[in-house]
Amino acid sequence: MEKQNLVVVAGAGGFIGGSLVASLRGQGYKRIRAVDLKPFDEWYQQFSDVENLCLDLNSKESCERAAEGAADIYNLAANMGGMGFIENNKALCMLSVLINTHLLQAAVKSKVKRFFYASSACVYNGDKQKTFEAPSLKEEDAYPALAEDGYGWEKLFSERMCRHFREDFGLYTRVARFHNVYGPWGTWDGGREKAPAAICRKVIESKGTGRHEIEIWGSGEQTRSFMFIDDCLKGIDLIMNSEILEPINLGSSEAVTINQLVDFAEEIAGIKLKRNYNLSAPKGVNGRNSDNTRIQKYLNWEPNTPLRVGLEKTYRWIYDQYMARERGEGPIARNAAAD
Ligand code: NAD
């Protein structure tokens, strides 16, 4: 890929999209177009040497504007959040189908060379995730389809859309199924945050208020794996440049229970908290882990940052954000020209 070619990142005001823009800049890409629905002052990361556009990609016209002259498009724009958000906003999550559909059409129209789509582990069949023993999900476990209601069905449909645009229109598409991504510069408050960020924030809050208690959604025995953002970015790059035509897992295979995740956060904070389990809160499937046989086979690599290491970096970043808010300051956004 020529570093002079125009690269478009959709969803660049969000967690992974913003980090992808930072990474592409770091790799020496000179022409980057960052697009998001949110007003600029709400983007986690924004760079003044990048073309920043505020567009609603639900509309076909906006997608055409975003795709104009592009060589590569990375679609990381979606309405999403943790379990609390996706269980209560199924229609909104499904409407993200408009973004991917219109972006694919615009990509064909603009003769875009390559298209990346961010899918999710939520496409997997719920019946295969009933036990707490962290069943490792292989790519074929998405079928017969019984995806996470709302959000997961949209992802599964959009994956297939990418496949058929490749088969019917010759568009180069690559699809990765992300498993729980976490790290700095992401959502940590407000209802859309995912478990690692939510737990870090709750631990910081408990420490700050002196009320040494924490609410945990579900029994805490649910198993998950969590991928650090640096691994996610490396995986996106490897998959975009690979010959992997079918959707592939991009996730850590280090399974932990939510209780173990809390253990790590407590250890980082140097505190022990009384745990209150809220069994009626949204908790998702009982067990889920990424089977990395296929990514190992094709790329001889898999996400490998230990959770304890990535969580410490995330905790420190959320701590700084939290303290800034306590001081009455706005969110600390990364806004740089050349760092
Ligand atoms: P995020 O919410 O931080 O970022 C998504 C961005 O898309 C937001 O900034 C949002 O404003 C933008 N967006 C939403 N609707 C838009 C529209 N109509 N037009 C333009 N922009 C719009 O989420 P994220 O964690 O960065 O996730 C990025 C992608 O990865 C999403 O597709 C998500 O479904 C997928 N994914 C993420 C995870 C994870 O753990 N974070 C796991 C699986 C899949």
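Hydrogens, waters and symmetry mates are skipped; everything else that's a heavy atom, side chains included, is used. Atoms within each ligand, like the ligands themselves, are counted from 1 in listed order.
For the residues A118, S119, S19, the heavy atom positioned nearest atom 44 (C) of ligand 1 is part of S119. Among F226, F178, F15, the residue whose heavy atom lies nearest to atom 30 (O) of ligand 1 is F178. Nearest to atom 18 (N) of ligand 1 by heavy atom, out of I16, L37, D56, is D56. Nearest to atom 31 (C) of ligand 1 by heavy-atom distance, out of T187, L76, L55, is L76.
Remark: distances from the non-hydrogen atoms of R177 to ligand 1 are all 4.0 Å or more. The shortest separation from a heavy atom of A12 to ligand 1 is not under 4.0 Å, leaving the residue out of contact.
At under 3.5 Å, a nitrogen or oxygen of K194, whether backbone or side chain, sits near a nitrogen or oxygen of ligand 1.
Taking 4.0 Å as the cut-off between side-chain N and carboxylate O, E140 and R294 count as a salt-bridged pair. Ion pairing of E61 with R65 is absent here, as no side-chain N (NZ or NE/NH1/NH2) approaches a carboxylate O to less than 4.0 Å.
When hydrogens are left out, the protein atom nearest atom 19 (N) of ligand 1 is L57 N, 2.8 Å; that is the closest non-hydrogen contact. Of the protein's non-hydrogen atoms, V181 N, 2.7 Å is the one closest to atom 40 (O) of ligand 1. In this structure, atom 2 (O) of ligand 1 lies nearest to the protein heavy atom M80 CG, 4.0 Å. Among protein heavy atoms, atom 9 (O) of ligand 1 sits closest to D36 OD2, 2.7 Å. In terms of protein heavy-atom proximity, atom 15 (N) of ligand 1 is nearest to I99 CD1, 3.7 Å. Ranking the protein heavy atoms by distance from atom 32 (O) of ligand 1 puts K155 NZ, 2.9 Å first. G14 CA, 3.4 Å is the protein heavy atom nearest to atom 4 (O) of ligand 1. Summary of contacts: the protein heavy atom closest to atom 14 (C) of ligand 1 is A78 O, 3.4 Å.
Taking CZ of R174 as the reference point, atom OH of Y74 lies at 11.5 Å (rounded to 0.5 Å).
Counting heavy atoms under 4.0 Å from ligand 1, residue R192 does not touch it at all. Only the side chain of Y151 comes within contact range of ligand 1, with a heavy atom under 4.0 Å; no backbone atom does.
Considering only heavy atoms from C-beta on, R163 comes within 4.5 Å of R160 through its side chain. In this structure, the side chains of S225 and N180 stay at 4.5 Å or more apart for every pair of heavy atoms.
Nearest heavy atom pair, residue R33 against residue L53, reads CD-CD1, 3.6 Å. Contact between I86 and C122 at its shortest, heavy atoms only, is CD1-SG, 4.3 Å.
Distances below 4.0 Å separate heavy atoms of N58 from the following atoms of ligand 1: 18 (N). Each of the atoms 40 (O) of ligand 1 lies under 4.0 Å from some heavy atom of N180. Every atom of ligand 1 is numbered from 1 in the order shown, and the set under 4.0 Å from a heavy atom of G11 is 6 (C), 7 (O). Interface atoms of ligand 1 facing K38, defined by a heavy-atom separation under 4.0 Å, are 9 (O), 11 (O). The ligand atoms of ligand 1 that sit less than 4.0 angstrom from a heavy atom of A77 are 7 (O), 21 (N), 22 (C).
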**Report entry** salt bridge (Lys or Arg N to Asp or Glu O under 4.0 Å) evaluation trace for E159 with R177
**Finding:** CA-CA 9 Å; E159 283 188 353; R177 290 179 182 155; 2.7 Å; yes

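Each of E215, E213, E266, E221 was evaluated against R275; a single residue qualifies, E266, per the salt bridge (charged side-chain N to carboxylate O under 4.0 Å, His left out) test.
Here the two rings, on F228 and Y182, have centers that are under 6.0 Å apart.
Cation-pi geometry between K283 and Y277 is not met: the NZ or CZ atom fails to fall both under 6.0 Å from the ring centre and inside 45° of the normal. With F116 as the aromatic partner, R114 does not meet the cation-pi criteria of under 6.0 angstrom to the ring centre and within 45 degrees of the ring axis.
Y172 contributes a side-chain N or O that, together with a main-chain N or O of M240, makes up a donor-acceptor pair within less than 3.5 Å.
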